Amino acid sequence: MTTLQDCRALDARDPLRPLRDLFTLPAGVIYLDGNSLGPCPKATPARVAQAVQQEWGEGLIRSWNSAGWYDAPRRLGDKVAQLVGARAGEVVCTDSTSINLFKVLSAALSIVRADQPQRRVVISERTNFPTDLYIAEGLCKERGLELRLLDAEEIAGALGADTAVLMLTHVNYRTGAMHDMAAVTRRAHEAGALVVWDLCHSAGAVEVDLHAAGADFAIGCGYKYLNGGPGAPAFAWVHPRHADRFWQPLSGWWSHAAPFAFTPDYQPAPGIARYLCGTQPILSLTALECGLDTFLAAQPLGGMAALRRKSLALTDCFIALVEERCAGHGLGLATPREHALRGSQVCLTRDVGAYAIVQALIARGVIGDFRAGRPDILRFGFTPLYLGFEDCWNAVEHLRQVLESGEWGREEFNRQHAVT
Ligand SMILES: *Cc1c(COP(=O)(O)O)cnc(C)c1O
């Protein structure tokens with residue numbers, strides 16, 4: 001049995017504990033939704049205020065040069081690169097995940113089909129995040145291609161002579177199940193296809209090594225584990241072997257080789273800069289940089305390897321506590337127990353009441369979220385930057401009380417909100 005004292009002892013010897021002080025977390029809240037919207041780093045409000053008051057207010061248009069605005073997508077991209085096994089100069093922070101997916105999937109399709117037009121199928125996973133599937137569906141429709149949706153176990157066998165691109169999310173948003181990036185990439189390459197990886201639930205959450213995996217393209221989110229703020233810019237990575245081979249179709253002036261030459265014809269910038277589109281949201285990039293800097297603060301303490309170790313210890317602890325203390329209440333586990341297959345979240349299932357249980361927990365200050373499906377899911381994200389083992393204990397204690405008291409049956413917890 002895991003005790004509260006065990007949890008406190010684990011916190012006391014956690015070398016990452018000081019990182020918690022980098023964040024503003026409201027009193028009385030246990031925040032288990034950093035996989036949906038990361039919390040606010042303490043540095044962000046003052047830094048954004050400075051960007052508004054000094055850089056914009058005083059510097060005006062001069063700040064594009066003097067305050068580093070123009071370089072921001074690549075400067076921030078270099079910080080993301082350190083978290084995902086990419087190299088400096090290979091990543092840009094820009095646009096949203098959905099838009100970046102459109103750009104890289106377009107590029108992947110054009111590269112494969114330039115000399116193999118018979119490859120006309122995009123393969124993805126049926127349980128992939130909907131925007132990924134919707135973007136792929138729209139693009140396939142426009143190009144007369146086919147989007148084929150499969151269960152995870154069917155994918156390896158389905159890759160073949162007609163496959164152009166395999167598009168997968170590395171860690172599944174609903175279940176927290178993680179693909180073996182290197183093995184899947186190898187199999188896709190053997191079949192002659194390219195792979196697009198969505199790292200929305202991986203960047204800042206698990207160790208990723210894009211180069212070691214031989215990956216082709218990757219995109220990911222800035223407002224989840226990277227703590228960039230609501231609607232923060234996302235990122236895009238393209239392996240250098242592909243970066244100069246194709247113009248992505250949103251070929252706006254920021255992707256031009258010489259944007260300020262104002263020529264009527266388009267010349268793509270070399271490398272990843274051609275994956276930009278138009279003028280960048282500088283205030284949002286400013287906030288994102290504060291989020292990325294919380295990870296750089298973790299580098300001297302062991303970086304992503306240390307964060308991953310703690311993330312697995314936290315999710316192991318939470319699973320054990322739920323099984324020990326909430327047994328008999330109809331909860332199941334959707335997240336893999338095997339470490340190699342687990343992201344940084346724990347998803348519990350329940351046939352009825354999952355939505356209301358999550359609402360009752362939120363009313364008690366334990367913020368997770370609900371994802372509809374069969375079965376419905378109670379989703380808890382674990383972020384080792386600011387969560388501890390006593391937080392796991394307290395969250396499970398609230399869950400136990402919500403289940404034992406039946407308070408989730410109250411009408412107020414069963415009303416649906418627009419955003420779940
Ligand atoms: C969060 C998430 C997105 C979000 O896309 P937006 O363009 O930011 O709305 C996309 N894909 C996956 C897998 C996600 O988890």
Side-chain angles (χ1 to χ4, degrees), residues 32-39 73 76 80 83-84 92-106 108 122-139 147 149 152 155 165-179 181 184 195-206 208 210 215 217-237 248 250 275-278 280-281 284-285 287-288 291 334-335 342-347 368-373 377 379-383 418-420:
L32 305 179
D33 222 351
N35 54 332
S36 239
L37 175 65
L76 274 62
V80 171
L83 306 179
V84 297
V92 279
C93 288
T94 187
D95 297 330
S96 66
T97 302
S98 303
I99 290 171
N100 287 334
L101 178 61
F102 179 83
K103 292 185 277 192
V104 302
L105 183 57
S106 297
V122 175
I123 291 182
S124 193
E125 200 176 338
R126 190 169 287 121
T127 61
N128 199 344
F129 191 81
T131 204
D132 298 48
L133 301 181
Y134 303 160
I135 292 285
E137 185 180 340
L139 190 51
L147 174 62
L149 301 185
I155 289 171
V165 176
L166 172 62
M167 177 192 83
L168 289 176
T169 296
H170 181 223
V171 175
N172 187 283
Y173 79 105
R174 282 190 83 242
T175 63
M178 181 163 73
H179 288 286
M181 184 181 284
V184 172
V195 190
V196 172
W197 286 106
D198 184 327
L199 303 181
C200 279
H201 290 274
S202 310
V206 301
V208 175
L210 289 166
F217 298 86
I219 48 147
C221 186
Y223 53 79
K224 292 173 179 160
Y225 290 96
L226 300 183
N227 307 314
F235 67 88
W237 171 80
Q248 54 88 8
L250 301 180
Y275 283 79
L276 299 173
C277 179
Q280 302 295 309
S284 296
L285 286 165
L288 174 59
T335 301
R342 189 193 306 162
S344 196
Q345 66 189 48
V346 176
C347 300
D369 60 26
F370 162 82
R371 288 293 175 261
I377 279 181
R379 193 173 72 150
F380 302 99
F382 286 85
T383 313
V419 174
T420 59

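Keep in mind it's a predicted model, so treat the numbers as computed, not measured. Just so you know, ligand 1 is whichever comes first in the structure, and atom 1 is the first atom listed for that ligand.
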task = Consider only side-chain N and O atoms of S124 and D132, and report whether a donor and an acceptor are under 3.5 Å apart.
result =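 The criterion, which ignores hydrogens and geometry beyond distance, is not satisfied for D132 and S124.
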Side-chain donor-acceptor pair present, T335, Q345, cut-off under 3.5 Å =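 Checked: T335/Q345 side chains show no N/O donor-acceptor pair below 3.5 Å.
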query = In Å, rounded to the nearest 0.5 Å, how long is the span from CG of L199 to OG1 of T97?
reply =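 Spacing of CG (L199) from OG1 (T97) equals 10.0 Å.
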key: Residues in contact with ligand 1, criterion: heavy atom under 4.0 Å   =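 Contacts of ligand 1 under 4.0 Å: S96, T97, S98, F129, T131, D132, T169, D198, C200, H201, Y223, K224.
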request  = Kindly say whether T127 contributes a backbone atom to a donor-acceptor pair with the side chain of E125 at under 3.5 angstrom?
outcome  =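 Judged by distance alone, no pair lies under 3.5 Å.
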task = Return each pair, listed once, that meets side-chain hydrogen bond (donor to acceptor under 3.5 Å, both in side chains) where at least one residue sits in residues 225-237; pairs must be two or more places apart or across chains.
result =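 For residues 225-237, and leaving out neighbouring residues, the side-chain hydrogen bond (donor to acceptor under 3.5 Å, both in side chains) pairs sorted by first residue read E90-W237.
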ask   = How are the rings of W197 and H170 set relative to one another: parallel (under 30°), tilted (30 to 60°) or perpendicular (over 60°)?
value =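 Ring orientation, 0 to 90° scale: perpendicular.
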